[in-house]
Amino acid sequence: MSKELPSQYDPKDVEDRIYRMWEQSGFFNPDVCIRKKVTAKNAPVFSMVLPPPNVTGILHLGHAEMLAVQDAMVRFERMRGKRTLWIPGTDHAAIATQAKVEDTLYKKEGKTRHDLGRTDFLKRVEQFAQESHDTIVHQVKKMGSSLDWSREAYTLDEKRNLAVRTAFKQMYDAKLIYRGSRIVNWDPKLKTTVSDDEIEWREETVPFYYLQYGPFVIATARPETKFGDKYVVMHPNDKRYATYAHGQKIEIEWINGPITATIIKDKVIDMEFGTGVMTITPWHDAVDFDIAERHQLDKEQVIDYDGKLLPIAGEFAGIHIKKARPMIVEKLTQKGLLVRTDAGYTHRIATNSRGGGVIEPQIKMQWFIGVNREFRMPHSKIKGVKKEQLVTLKTLMQTAVKNKQIEIIPRRFDKVYFSWINNLRDWCISRQIWYGHRIPVWYCKERSKRGKCGESIVSITDIKSCPHCKGPVEQDPDTLDTWFSSGLWTFSTLGWPLDSARGKPKKGSDLATYHPTSVLETGYDIIFFWVARMILMSTCLIGEIPFKKVYLHGLIRDAQGRKMSKSLGNIIDPLDMIGKYGADATRLSLIIGAAPGNDMKLSEDKIRGYRNFTNKLWNIARFILLHAEEKNDTGKAKFSSKQQKQLAELAALVKKVTKHMDAFEFHHAAELLYHYTWHTFADKIIEETKPHLTGGDRGERIRAAAFLFEIYTTLIKLLHPFMPFVTEEIWAQFPTAGKKKKRLLMIERWPQENNKT
RNA sequence: GGGCGCUUAGCUCAGUGGUAGAGCGUCUCGUUUACACCGAGAAGGCCCAAGGUUCGAUCCCUUGAGCGCCCACCA
């Protein structure tokens, strides 16, 4: 049989076949493992969710990395006999997906979403999402990921919708979700709000204008916002302006004529900066908004939601701010209000990172999650938080990590996490786009006999009429931030809320068995978006941490060290690499050399190197199989003292590798195995053993063959989590010992450290 | 303005309180029946700088330099 094996391992021939075999075996599903007695019923649990890739396109190497690492973890734990569950899924990525479809629609058909209407447009998005989903699933399988596909979820499917509505209602009833008019990040291009975390800052050099504002000189980079400025703010301790009193009114000449300005004294003003005086535009600037709130000042909208000036701008009304700016500067110059201009002023402008435009702060009625609002925990399994205790979402998030119930690896990211929480403002969760979970709120349109009813009703199920006055209702047109549903992921995928009753998971349900999940493995770039929000949602809604450990991997960068991203267009399709070098080589190249939390540049050369290793492993197998017949008729071989010593070294290797795996040092584990396999086993042990395989007496030959077989069998098992395809294929070629029907390598037992395999 | 990371062989990067490692690349040799996607061997590094702790530091501490990232309301 061994002679039939080609001298070069061709992954193309085997990978798809092996994956089908795994899938058909059902062993990706822990229930099947228990039913077929592969796993003990009461075995320890290992569970993990796959960070759901966005259905915006194809996978990149960053995804490939997380798949390689996570699958290694999962296969390792499964081989150790744990009840192992890894849940697949995809994310609807509301804004990004909608933006992409809108873009295509406009480019290909010259239409906007409004031309199609909400229903038809959503059909397009869903179709796109479906295709994208299929591509992604195909790619995930190509990587060899041992995910339980029977439990696959989508952030926007029906079950998750129920979870979202339930979460919304629960948080609304606890007064954590509220509707309010506050300053938000408005994207005039996509016509939606976005959260603070979705903003990407871009540096821009623009002229900086110094304007005469009555007796003061104020500076601005955005003269187009200044129409509404009727407050002038300075520090209370600034001696230069000691003669002015807080609340004092002065008459000044401004862009469109004389106005009355009011003096405001506030400590946020930096006396050192510029003239130490500024005017404020509360409707279009977060800092100004805060000042206005503190002193109860008027707020006026200057720019509309399309980015055009409103009537307050007088002659400039209706003009887009981009066009209006030079015109306004021109007018200010003519009126003699422009004191001087700094040409090279760099400041940061906010853009929507989800492929949108330049952010314009606006005051809008939106839905928020109040992160500082106190509420009573209905029940809690969180260390340091008791039932009925008064908490806020911020304190919950802090407590879970502070008390080490959740451990972040590497630890330095603790700081990042805490500082994010400290600076966290209320989370704006409503979006004005169409793709996403509809906000489960209905507004009564009826005026009852006694006057307006106008109730807002939050409901888990759709409602047709107002429960108070029976009048007609209309649903809130907005959708929810994607991360609202992603935040529920660890428990919405495990059956919440159906599998829980009165705050407790039903006995024997997935929720009871697999939550909290063991580990969350993801890139450090989404700590805020996702990791923190999962902690928020899970602790708040089910009184439980979502995961015990967070393992953060670094980012894969391109050859120039740039982040790989859709917008940069420098994405490398892992499928190309798999096609050229095989999934095992691709996986190994993403694990070795990647220290936790550190970025890695990946070159094709590296992948090729590990392709060579795959081939080496294959040829070692061929060699050993050449002599396998010798081994077959042996009973217990007695190994020489040297062989025993080498087996002891192997046992030490097993121990080290296991230790590294437990410590999330996969790069160490894999590198050790690589090195041992090639430079110890192949280069030294096999070479030393060769003479004994051909020469000597029969007993010596049998012993030599058995010896190599012994080591190799162990190695194949140790390597399986990292390179599952080639090891499984080799395993299948091995002669079965005795009459036992051979099982798949993926469910073989992980080698024990103290006895020989 | 805060915080974090990085600086190790030509390139990309691991790593350790005690003569320095991997992949790729370079050079020499090798038509041995597992593998040329190979083997044997070689060259190549004041482990960013300065100070400190130590019997001993690339590793720990301090300071500095360069690069990068994240956060932050300097109009």
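Below, read A as the first sequence line, B as the second, and so on, with proteins coming before strands; counting in each chain starts at 1. For clarity, every value in this text was computed on a predicted model and none was experimentally measured.
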message: Between A/His660 and A/Phe664 (judged by ring centroids, cut-off 6.0 Å), do the two rings come close enough to count as a pair?
response: no

- request: Map every base of RNA chain B to its dot-bracket character, where paired means a Watson-Crick or G-U wobble contact with both distances under 3.5 Å and | marks a partner outside the strand.
  value: (((((((..((((....[..)))).(((((.......))))).....(((((..]....))))))))))))....

message: Between A/Phe528 and A/Tyr417, is the ring centroid distance below 6.0 Å?
response: no

field: Lys/Arg cation over aromatic A/Tyr231: A/Arg294, 6.0 Å, 45° cone
entry: no

message: Under 4.0 Å, heavy atoms only, any strand: does A/Asn619 hit a base, just the sugar-phosphate, or nothing?
response: base

B/rG21 phosphate, OP1 or OP2, under 4.0 Å from A/His668 side-chain N/O: no

message: Does A/Lys394, at its NZ atom, have more than 12 non-hydrogen atoms belonging to other residues, nucleotides or ligands within less than 6.0 Å?
response: yes

message: Looking only at the aromatic ring of each residue, does the gap between the centers of A/Phe613 and A/Tyr9 stay below 6.0 angstrom?
response: no

- prompt: Base, sugar-phosphate, or nothing for A/Lys580, non-hydrogen atoms under 4.0 angstrom?
  reply: nothing

query: A/Lys606 side chain N/O closer than 4.0 Å to the phosphate oxygens (OP1, OP2) of B/rU12?
result: no

field: P spacing across the pair B/rU62 / B/rU53, given as an integer number of angstrom
entry: 15 Å

query: Does a side-chain N or O from A/Asn612 land closer than 4.0 Å to OP1 or OP2 of B/rC38, or not?
result: yes

- request: Select base, sugar-phosphate, or nothing to describe what A/Ile592 touches, counting heavy atoms under 4.0 Å on all strands.
  value: nothing

message: Counting the atoms with a prime plus P, OP1 and OP2 as sugar-phosphate, which does A/Glu687 contact under 4.0 Å by heavy atoms, base, sugar-phosphate, or nothing?
response: base

- request: Just say parallel, tilted or perpendicular for the rings of A/Phe208 and A/Tyr345, cut-offs at 30° and 60°.
  value: parallel

- prompt: B/rC37 base to A/Lys616 side chain: any donor-acceptor pair below 3.5 Å?
  reply: no

message: Please report the distance separating the C1' of B/rU7 from the corresponding atom of B/rG64, rounded so that it comes out in whole Å.
response: 14 Å

task: Record whether the side chain of A/Arg622 comes under 3.5 Å of the base of B/rC35 through a donor-acceptor pair of N or O atoms.
output: no

- prompt: With sugar-phosphate meaning primed atoms plus P, OP1 and OP2, does A/Tyr9 contact a base, only sugar-phosphate, or nothing at under 4.0 Å between heavy atoms?
  reply: nothing

- prompt: Between A/Tyr345 and A/Lys684, which has a closest nucleotide on RNA chain B that is more 5'?
  reply: A/Lys684

Gap in Å between the two C1' atoms, one belonging to B/rG23 and one to B/rG44, rounded: 16 Å

message: Using the P atom as the point on both nucleotides, what is the distance between B/rG51 and B/rC59, in whole Å?
response: 13 Å

query: For atom P, what is the distance between B/rG5 and B/rC74, given to the nearest Å?
result: 24 Å

query: Pick the nucleotide of RNA chain B nearest each of A/Ile199 and A/Asp285; which residue has the one closer to the 5' end?
result: A/Ile199

query: With sugar-phosphate meaning primed atoms plus P, OP1 and OP2, does A/Arg611 contact a base, only sugar-phosphate, or nothing at under 4.0 Å between heavy atoms?
result: base

message: Under 4.0 Å, counting only non-hydrogen atoms across every strand here, what does A/Arg348 touch: a base, just sugar-phosphate, or nothing?
response: base

- prompt: So what does A/Asp683 touch, heavy atoms closer than 4.0 Å: a base, only the sugar-phosphate, or nothing?
  reply: sugar-phosphate

- request: Decide whether a cation-pi geometry holds between A/Lys299 and A/Phe289; the criteria are a distance under 6.0 Å from NZ or CZ to the six-membered ring centre and an angle within 45° of the ring axis.
  value: yes

- prompt: Reckon A/Ala286 touches a base, only the sugar-phosphate, or nothing at all at heavy-atom distances under 4.0 Å?
  reply: nothing

Nearest-angstrom distance, C1' atom, B/rU58 to B/rC13: 16 Å

query: Is A/Arg182 positioned over the aromatic face of A/Phe368, cation under 6.0 angstrom from the ring centre and no more than 45 degrees off axis?
result: yes

- request: Check the pair A/Asp197, A/Trp483 against side chain to side chain donor-acceptor pair (under 3.5 Å), reporting the backbone distance first and the verdict last.
  value: CA-CA 11 Å; A/Asp197 294 294; A/Trp483 299 102; over 6 Å; no

message: Categorize A/Asn423 for me: base, sugar-phosphate, or nothing, with a 4.0 angstrom heavy-atom threshold over every strand shown.
response: sugar-phosphate

- prompt: What distance, rounded to whole Å, do you find between the two C1' atoms, one in B/rU26 and one in B/rA9?
  reply: 12 Å

field: Donor-acceptor pair (no angle test) under 3.5 Å: A/Lys226 side chain, B/rA75 base
entry: no

Under-3.5 Å N/O pairs linking protein and nucleotides 58-61 of chain B:
none

message: Does A/Lys616 qualify as a cation-pi partner of A/Tyr674, given the criterion of NZ or CZ under 6.0 Å from the six-membered ring centre and within 45 degrees of its axis?
response: no

- prompt: Looking across every strand, which nucleic acid part, if any, lies under 4.0 Å from A/Ala682 by heavy atom: base, sugar-phosphate, or nothing?
  reply: base

message: Within the 4.0 Å heavy-atom criterion, would you say A/Gly276 contacts the bases, only the backbone, or no part of the nucleic acid?
response: base

task: Would you please say whether a donor-acceptor pair under 3.5 Å links the side chains of A/Thr279 and A/Lys226?
output: yes

